[in-house]
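Just so we're on the same page: letters track the sequence lines, and every chain starts at 1.
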Protein chains: 2
Amino acid sequence: MQTALPKFDSVFSVDCVIFGFEEGVLKILLIERNEEPFKDWWALPGLFVAPDESIDEGAERILNELTGLSNIYMEQLYTFGDVDRHPEGRVITVAYYALIRLSGKNELHPHSRYARKAFWHPVNELPKLAFDHSLIFEKSLEKIRRRISYQPIAFELLPEKFTLTQLQNVYEAILSKKLDKRNFRKKMLNYGILKELDEKQRGVSYRAATLYKFDRRKYAKLFQKELSFMKE
Amino acid sequence: MQTALPKFDSVFSVDCVIFGFEEGVLKILLIERNEEPFKDWWALPGLFVAPDESIDEGAERILNELTGLSNIYMEQLYTFGDVDRHPEGRVITVAYYALIRLSGKNELHPHSRYARKAFWHPVNELPKLAFDHSLIFEKSLEKIRRRISYQPIAFELLPEKFTLTQLQNVYEAILSKKLDKRNFRKKMLNYGILKELDEKQRGVSYRAATLYKFDRRKYAKLFQKELSFMKE
DNA sequence: TAACTTAGTGTAGGAAATACACCTATATTC
DNA sequence: GAATATAGGTGTATTTCCTACACTAAGTTA
């Protein structure tokens with residue numbers, strides 16, 4: 001790093017892969033572009049970083065504009081900086097991924113400029129994406145696959161109270177493989193990071209399952225040891 | 001991402017944490033700054049990204065200018081973009097880390113502008129670093145600690161032919177803990193990614209150890225399963 | 001040839017991962 | 001209210017991996 005800052009018109013953007021889990025399916029939020037380049041293509045939501053905001057703040061701004069939510073689980077993924085990744089000039093983008101809780105209602109911020117353009121897409125049936133966004137998505141999926149096997153990020157995709165089957169479904173959707181029910185429960189309960197509630201699932205047309213909560217306190221205590229989830 | 005690219009003078013840099021392993025000690029390469037800001041401080045080697053080079057190319061340029069080497073194991077680490085991380089303006093930096101083989105001879109490129117300013121520092125006795133470089137270093141160390149436990153990056157720090165004790169020393173230095181010799185050897189040989197050579201260590205004043213090579217072919221075959229090294 | 005230094009080796013116990021199938025509870029339907 | 005349908009919930013035996021642990025072998029030097 002030298003002293004005099006060079007002047008050169010480089011542009012930063014932030015793009016965000018926003019994951020949600022709905023009806024047993026892992027989905028991401030895409031925007032339909034209505035401008036060139038890539039007009040009418042689907043793209044990851046993104047924006048240009050303002051001179052007075054940090055990159056993290058930029059990423060939070062995306063989420064807030066789209067969903068109205070803040071305090072979302074979010075993490076930087078990778079920075080994509082090929083010279084020709086944007087057809088109109090040099091744009092370096094810092095990619096983030098986020099995990100959000102879908103409640104089944106309308107999740108999009110009603111005042112957002114994106115409100116009519118953003119839709120959830122199952123990750124297994126994604127359209128072609130603008131720019132290098134398919135690559136960014138691939139990388140984000142690899143990242144959460146790896147991460148879910150040693151950190152409790154699955155809970156970020158579920159409501160506060162959830163059943164063990166729902167939890168297992170998140171693991172199966174992200175890892176895209178079936179897990180054994182008994183082993184899953186045994187392992188998960190053994191970690192001691194779930195709190196069993198005195199409460200059952202409601203509104204199902206079959207035997208209701210027990211609800212659980214993720215116990216952040218207990219997790220924090222165990223944090224040093226780092227869990228090793230779901231090797232099978 | 002919108003259409004019209006905004007004009008705003010943001011500056012990108014690349015900074016690189018370059019790891020080497022010498023005399024049983026893990027070291028990084030630091031530059032002594034002779035300019036403001038942070039004149040006379042130690043800093044990670046870095047440079048500004050040119051308009052016509054990708055970020056990866058920028059990182060390679062650092063390594064090449066410093067060491068004259070190319071084809072080095074290198075990976076993007078994280079992007080640091082706080083508004084005030086550089087006292088003279090907005091500079092976003094993409095950090096990389098690299099692992100290089102030290103042969104004990106002079107490792108610095110003789111024609112480099114850095115030739116007289118770069119020195120290896122043991123990671124356990126680092127000085128304070130300029131900018132947020134201490135933070136970058138911490139993050140790089142976390143990254144290689146995690147990575148070495150599931151990917152064979154230790155070999156990148158060793159000469160092509162090495163002894164099992166040398167290999168164990170790399171693991172111990174990165175994980176900063178002692179490992180059991182018998183268990184280490186058992187596990188390492190079991191993976192089947194080492195080729196035993198018909199050759200012994202030379203120039204030692206005690207019983208010479210067998211030399212091994214990392215067998216990239218065999219590793220590629222096993223790659224799917226992803227090894228899980230050194231949990232103990 | 002004695003002494004020093006590192007190389008190199010095996011086993012037993014415990015913990016964790018895996019494979020595997022049936023009964024139970026509740027809601028719905030007839 | 002009996003039958004049916006659906007998901008909930010549970011245990012054990014096997015294997016694999018991790019861990020702890022100490023001595024002999026080989027080569028070098030004095």
Side-chain angles (χ1 to χ4, degrees), chain A residues 21 23-25 148-150 152 158-159 161-173 175 177-213 222 224-232, chain B residues 23-24 148-150 152 158-159 161-173 175 177-213 222 224-232:
Chain A
F21 186 73
E23 295 153 13
V25 178
I148 204 176
S149 64
Y150 62 88
L158 289 173
K161 301 171 181 183
F162 52 84
T163 70
L164 290 177
T165 300
Q166 288 168 345
L167 184 59
Q168 184 175 343
N169 288 340
V170 172
Y171 275 86
E172 291 181 341
L175 299 173
K177 63 179 171 189
K178 283 273 162 204
L179 300 173
D180 179 87
K181 183 161 65 163
R182 276 173 296 189
N183 292 341
F184 180 85
R185 285 162 183 247
K186 201 191 319 170
K187 217 187 285 192
M188 199 54 73
L189 294 173
N190 258 343
Y191 291 135
I193 58 172
L194 295 183
K195 185 187 286 176
E196 183 173 346
L197 301 178
D198 211 11
E199 199 181 342
K200 300 268 171 186
Q201 207 176 15
R202 305 205 54 174
V204 288
S205 63
Y206 43 80
R207 173 178 180 184
T210 303
L211 290 170
Y212 290 81
K213 270 171 102 164
L222 297 170
Q224 316 269 20
K225 302 188 191 170
E226 195 166 274
L227 312 175
S228 108
F229 285 114
M230 303 302 112
K231 283 275 173 66
E232 74 183 44
Chain B
E23 295 154 14
I148 202 176
S149 64
Y150 62 86
L158 289 173
K161 302 173 182 181
F162 51 84
T163 69
L164 290 177
T165 300
Q166 287 168 344
L167 185 60
Q168 183 175 345
N169 288 339
V170 172
Y171 276 85
E172 291 181 341
L175 299 173
K177 63 179 171 187
K178 283 272 163 207
L179 300 173
D180 179 88
K181 183 160 67 161
R182 275 173 295 189
N183 292 341
F184 180 86
R185 284 161 185 246
K186 201 191 321 170
K187 217 187 282 192
M188 199 53 74
L189 293 173
N190 258 345
Y191 292 134
I193 59 173
L194 295 183
K195 186 186 286 176
E196 183 174 346
L197 300 179
D198 212 11
E199 198 179 343
K200 301 268 171 186
Q201 208 177 14
R202 306 204 53 176
V204 288
S205 64
Y206 44 81
R207 176 177 178 184
T210 303
L211 290 170
Y212 289 81
K213 269 171 101 164
L222 297 171
Q224 316 269 20
K225 301 190 192 167
E226 196 165 272
L227 313 175
S228 107
F229 286 113
M230 304 301 112
K231 283 273 175 64
E232 74 183 45

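- Summarising the geometry, the separation between CG on A:Asn190 and P on C:dA16 is reported as 8 Å, rounded to the nearest angstrom.
- When the side-chain nitrogen and oxygen atoms of B:Ser205 are compared with OP1 and OP2 of D:dT29, none of them lie within a distance under 4.0 Å.
- The separation between A:Gln201 atom CD and C:dA25 atom C1' is 13 Å, rounded to whole Å.
- A sub-4.0 Å separation between OP1 or OP2 of D:dG9 and a side-chain N or O of A:Arg185 is present.
- OP1 or OP2 of C:dA7 lies within a sub-4.0 Å distance of a side-chain N or O belonging to B:Thr165.
- In this structure, the CG atom of A:Leu179 is 13 Å from the C1' atom of C:dA17, given to the nearest Å.
- Regarding A:Lys186, its NZ atom lies at a distance of 14 Å from the C1' atom of D:dG9, rounded to whole Å.
- Protein atom CG of A:Asn183 is 12 Å distant from nucleotide atom C1' of D:dA13, rounded to whole Å.
- Rounding to the nearest 0.5 Å gives a distance of 10.0 Å between CG of A:Leu167 and CD of A:Glu172.
- The nucleotide whose nearest atom lies closest to any side-chain atom of A:Tyr206 is, among C:dT6, D:dA7, C:dG10, D:dA7.
- For A:Arg182, whose side chain is taken as the heavy atoms from C-beta onward, the closest listed nucleotide among D:dA20, D:dT29, C:dC20 is C:dC20.
- Distance, A:Lys187 NZ to C:dT18 C1': 9 Å, rounded to whole Å.
- The distance from atom CZ of B:Arg207 to atom C1' of C:dT9 is 10 Å, rounded to the nearest whole Å.
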